[in-house]
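Reading through the structure tokens given below for one structure.
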Amino acid sequence: MTEQQAITIDIDGRGVATVTLNRPHIHNAFDDTVIAELISAFESIHQNDNVRVMVLAATGKSFCAGADVNWMKKMASYSYAQNKKDAGQLATLFSSLYNLNKPTIAKVQGAVYGGGVGLVACCDIAIGSKLSKFCLSEVKLGLVPATISPYVIEAIGPRLAKRYFMTAEVMSSRRARRIGLLSEAVSEEELDSSVENIVSPLLKNGPRSVAIAKTLINNISRRAIVQQLIEETSDLIATVRVSDEGQEGLTAFVEKRAPNWKKA
């Protein structure tokens with residue numbers, strides 16, 4: 001890992017990809033270059049069949065301070081069209097992380113501000129240090145957390161989002177855990193092992209079924225339980241049961257042996 005790299009990607013022998021924000025000197029704030037690199041990283045992991053799980057991590061004292069100050073200075077002189085293009089890239093970043101076809105885990109330490117909160121909200125699971133602090137700080141600058149809003153609202157709900165979007169209060173990791181932004185809040189010393197405690201069971205499961213389960217939740221949440229939804233879910237399980245992975249899992253269960261993805 002070199003200091004010059006804004007982000008690093010490591011894929012271990014188990015198929016666990018770790019994408020690390022590596023700008024500790026500016027609290028891992030991002031600019032347009034870092035956004036493009038993260039989008040590229042997420043897309044490559046999305047397309048890599050050897051990757052089973054992705055962990056989003058950061059170096060230094062802070063997870064992510066949101067937008068880089070120098071980048072924001074540039075944006076202040078942008079036209080509407082330039083701002084729209086810039087915001088579109090940022091929106092693509094969050095969408096590519098949210099829709100990544102593998103389980104995603106945010107490993108969070110230190111301060112998390114602005115767009116950094118969006119990165120945490122986009123991950124499927126977020127494990128944070130008890131010393132972490134979170135702030136949706138945009139309104140302090142006369143801005144709004146627009147591109148991250150769908151993901152933050154999904155994570156914490158609309159009423160709490162109204163409060164934190166409007167007040168820009170700093171919340172503790174304990175509070176973030178209680179409202180759903182974090183899945184767990186642990187000591188600094190337990191952060192690595194707590195992430196591993198999530199990674200390990202994920203690797204024991206059928207990779208295709210895990211990906212489908214993730215998409216299933218995105219597709220059916222907040223939909224009314226009507227006949228069309230019942231038929232769609234019935235069709236889905238029937239399709240999965242006759243798939244190669246479904247047949248291997250069922251056969252392995254009957255034969256009381258490990259399925260082939262566990263052997264791999």
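Atom set for the values below is all heavy atoms of this structure, side chains included, hydrogens, waters and symmetry mates excluded. Here, residue 1 is the first one in the sequence, and each next residue gets the next number.
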Next on the checklist: Just verifying a value: how many Å separate T233 OG1 and N219 CG, rounded to the nearest 0.5 Å?
Outcome noted: 11.5 Å

Item to check | Stepwise side-chain contact (heavy atoms from CB on, under 4.5 Å) check, L93 with F42 | outcome: CA-CA 8 Å; L93 166 64; F42 297 153; 3.6 Å; yes

Item to check | Taking every non-hydrogen atom, the tightest pair across T8 and Q5 | outcome: CG2-OE1, 3.9 Å

Item to check | Inter-residue atom distance I26.CD1 - N70.CG, 0.5 Å rounding | outcome: 7.5 Å

Item to check | Donor-acceptor contact present, side-chain S95 to main-chain A91, <3.5 Å | outcome: no

Next on the checklist: Per the ring-ring contact (aromatic ring centres under 6.0 Å, His included) rule, what does the pair list look like for residues 81-103, sequence neighbours excluded?
Outcome noted: Y98-Y151

Checklist entry - From S77 OG over to N83 CG, what is the distance, rounded to the nearest 0.5 angstrom? => result 9.0 Å

Next on the checklist: Counting C-beta onward and ignoring hydrogens, is there a side-chain heavy-atom pair between R257 and T251 closer than 4.5 Å?
Outcome noted: yes

Next on the checklist: Tell me if the CD1 atom of I230 is crowded by more than 12 foreign heavy atoms within 6.0 Å.
Outcome noted: yes

Next on the checklist: For residues L236 and L229: do they belong to one hydrophobic cluster (side chain heavy atoms under 4.5 Å, members Ile, Leu, Val, Met, Phe, Trp, Tyr)?
Outcome noted: yes

Next on the checklist: Quick one, F165 and V152 - any side-chain contact, counting heavy atoms below 4.5 Å?
Outcome noted: yes

Checklist entry - Does the pair C123 and L97 meet the rule for a side-chain contact (heavy atoms from CB on, under 4.5 Å), with working shown? => result CA-CA 7 Å; C123 288; L97 175 56; 4.1 Å; yes

Checklist entry - Side chains of F30 and E37: does their closest heavy-atom pair fall under 4.5 Å? => result no

Checklist entry - Less than 4.0 Å between a side-chain N and a carboxylate O, is that true for E248 and K262? => result no

Item to check | Side-chain donor/acceptor of S243 to backbone N/O of V240, under 3.5 Å | outcome: yes

For residues 208-217, run the donor-acceptor check on the side chains, cut-off 3.5 Å, and write out each pair with its distance to 0.1 Å, sequence neighbours left out.
residue, atom, partner, partner atom, Å
S209, OG, G206, O, 2.8
S209, OG, E245, OE2, 3.3
K214, NZ, L100, O, 2.6
K214, NZ, K102, O, 2.9
K214, NZ, D124, OD1, 3.4
K214, NZ, D124, OD2, 2.9
T215, OG1, A211, O, 3.1

Checklist entry - When clusters are formed by joining ILVMFWY residues with side-chain heavy atoms under 4.5 Å apart, either directly or through shared neighbours, do L182 and Y113 land in the same one? => result no

Next on the checklist: Before you tell me yes or no, could you show the steps for K85 and Q89 under side-chain contact (heavy atoms from CB on, under 4.5 Å), namely the whole-Å CA-CA distance, both residues' side-chain angles and the distance that decides it to 0.1 Å?
Outcome noted: CA-CA 7 Å; K85 181 180 178 182; Q89 271 290 90; 5.7 Å; no

Checklist entry - Counting only N and O atoms by type, is there a donor-acceptor contact under 3.5 Å from the side chain of E190 to the main-chain atoms of S187? => result yes

Item to check | Contact summary for M54 and I45, nearest pair of heavy atoms | outcome: SD-CD1, 3.7 Å

Next on the checklist: Can you list, by chain and residue number, the hydrophobic cluster partners of V16 when the side-chain cut-off is 4.5 Å?
Outcome noted: V53, V55, I105, I125, I127, V186, L191, V195, I198, V199, L202, L203

Next on the checklist: Show the nearest heavy-atom pair for residues A17 and I11, with the distance to one decimal.
Outcome noted: CB-CG1, 3.9 Å

Checklist entry - Applying salt bridge (charged side-chain N to carboxylate O under 4.0 Å, His left out), which residue pairs with at least one partner in residues 156-173 are found, sequence neighbours left out? => result R163-E169

Item to check | Hydrophobic cluster membership, I153 vs L90, 4.5 Å side-chain cutoff | outcome: yes

Checklist entry - Going by heavy atoms in the side chains, are V34 and W71 under 4.5 Å from each other? => result no

Item to check | Criterion side-chain contact (heavy atoms from CB on, under 4.5 Å) on I156 and L181, from CA distance to verdict | outcome: CA-CA 6 Å; I156 71 175; L181 184 60; 4.1 Å; yes

Next on the checklist: Treating S200 as the side-chain partner and N197 as the backbone partner, does any N or O pair qualify as donor plus acceptor under 3.5 Å?
Outcome noted: no

Item to check | Shortest non-hydrogen contact from T59 toward N28 | outcome: O-ND2, 2.8 Å

Next on the checklist: If you compare all heavy atoms of A41 against all heavy atoms of I9, which two are closest, and at what distance to 0.1 Å?
Outcome noted: CB-CD1, 3.5 Å

Item to check | Co-membership, hydrophobic cluster, residues V112 and V170, 4.5 Å side-chain | outcome: no

Item to check | Atom pair NZ/CD of K74 and Q82 - distance to nearest 0.5 Å | outcome: 10.0 Å

Checklist entry - Are I39 and L119 grouped together when hydrophobic residues (ILVMFWY) are joined by side-chain heavy atoms under 4.5 angstrom apart? => result yes

Next on the checklist: So, taking the atom named OG1 in T18 and the one named CG in D10, what distance separates them when rounded to the nearest 0.5 Å?
Outcome noted: 5.5 Å

Item to check | Inter-residue atom distance I35.CD1 - D68.CG, 0.5 Å rounding | outcome: 10.0 Å

Checklist entry - Does W261 use its side chain to pair, donor to acceptor, with the backbone of K204 at less than 3.5 Å? => result yes

Check: residues 128-148 side-chain donor-acceptor pairs under 3.5 Å, at least two apart:
residue, atom, partner, partner atom, Å
S129, OG, L131, N, 3.0
S129, OG, E188, OE2, 3.1
S132, OG, G110, N, 3.3
S132, OG, G110, O, 3.4
S132, OG, S129, O, 3.3

Next on the checklist: Taking R14 first and then E196, would you say they form a salt bridge - that is, a charged N and a carboxylate O separated by under 4.0 Å?
Outcome noted: yes

Checklist entry - Would you find a donor on one side and an acceptor on the other, under 3.5 Å apart, between the side chain of D12 and the backbone of G15? => result yes

Checklist entry - Can you name the closest pair of heavy atoms from Q109 and G60 and give their distance? => result NE2-O, 3.1 Å

Next on the checklist: Considering only residues two or more places apart or on different chains, which pairs with a residue in residues 42-51 satisfy side-chain hydrogen bond (donor to acceptor under 3.5 Å, both in side chains)?
Outcome noted: H46-N101

Next on the checklist: Check whether R23 reaches the backbone of A29 with its side chain - one donor and one acceptor, N or O, closer than 3.5 Å.
Outcome noted: yes

Checklist entry - Quick one: does S183's side chain have a donor or acceptor within less than 3.5 Å of a partner on A126's backbone? => result yes

